[in-house]
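The structure appears below as structure tokens.
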Amino acid sequence: MHVIDVTTTKPYQVALGTMLLERTGEIVRGVCGGTRAVIITDSNVGPLYAHIVRESLEHEGYTVSIFTFPAGEEHKCASTLIDALEFIAEAQLSRSDCVIALGGGVTGDLAGFAAATYMRGCHFVQMPTSLLAMVDSSVGGKTAIDLKAGKNLAGAFWQPDVVIADIGCLGTLEDDRVADGCGEVIKHGVIADAELFATLEQTPLTADLIRSDLALVERLIARNIEIKRDVVVADERESNLRKLLNFGHSIGHAVEACANYQLGHGTCVAIGMVAIARAAAARGVCAPDVPQRIEAVCRAHGLATRTACSVDDIFEAALHDKKRAGDAIDIVLPHRVGACSIEHVSLAAFKTLIEDGIQTGANA
Ligand code: GLY
């Protein structure tokens, strides 16, 4: 098992390993206290794991209630949040009790926002079951719901009391759900760790690898959590350095919106990373092999790197992104694999970057 310390203003640990669902009760007892717990999960994950988590918590003396919402990003919305809050209130949670997110990024974001707002904040435990949630969204305290105008437009920073990541859960993920998380894993390599990137080039993090070498997968995930941790600890509220984590996301989020959220997040991030790296290479910011290597590693992880969306549509969608500040936007440019910088550019310059970088075509 790996235990990773996250020394944010509220310090906590990430426990990463196998057979951790069964140990939820003792881990939660160690950090939260309280007598009641509400597990928030979705209709895909709940039937697989909620009973294991419930039994473990009850064994520690907790009174447990389970709130299950329909799976899907479209349910990360205000009405599900209100339903969750009403459920938590009916379960009579006090501020010393805890809300537990059991699932992927959607569940973590929604449950975290509920925990941040219930009685102005109660204890919160992240139990990520997807690769994306383990390497990215469960660490760092971002919580949110989507509004009609865009993704994650209402939210709060609310750090968890502990993250319990049982990598045994990854075994049930479909290939495309693994690939979804790999967009963030590749991103971490490009922004911070050339060695991690080289490992991914040699041994792609696929569903096959999860089935065949869980020890290597655990080490890779641990390294990703450390990278995310280091950035978040340096800049918890995203005033500067944390923006590095948006590498590939300004264009990626826009492609996601243009495609009506029918493309996986990992694919959209891959399209965004390759596009911005191609634009950076065209300006001499990085060598031509940087976009080539990023594109090759994305493809090796099953991620498409071209889009059917037009430059105009992508640019239009990017205007609604919360990373925009007036008539400018912060973007992340790669200088080499393992080192990026944050640049504040005008919207006109951003459009030129999209034009220079985006590859239109059939593969997404
Ligand atoms: N996923 C980007 C961040 O947590 O800042």
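Order of listing sets the numbers, starting from 1, for every ligand and every atom in it.
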Does a side chain donor of either T80 or D83 reach within less than 3.5 Å of an acceptor in the other side chain? no
Partners of T7 by side chain to side chain donor-acceptor pair (under 3.5 Å), sequence neighbours excluded? none
H51: which residues meet the side chain to side chain donor-acceptor pair (under 3.5 Å) condition with it, sequence neighbours left out? none
Check this for me, if you would: do R229 and D5 make a salt bridge, where the nitrogen-to-carboxylate-oxygen distance has to be below 4.0 angstrom? no
Once rounded to the nearest 0.5 Å, what's the spacing between atom OG1 of T143 and atom CG of L81? 9.0 Å
List, ordered by chain and residue number, the protein residues whose closest non-hydrogen atom lies under 4.0 Å from any atom of ligand 1. D136, K142, K228, E238, R242, L245
I27 meets the side chain to side chain contact (heavy atoms under 4.5 Å, CB included) criterion, sequence neighbours left out, with R23, V162, I164
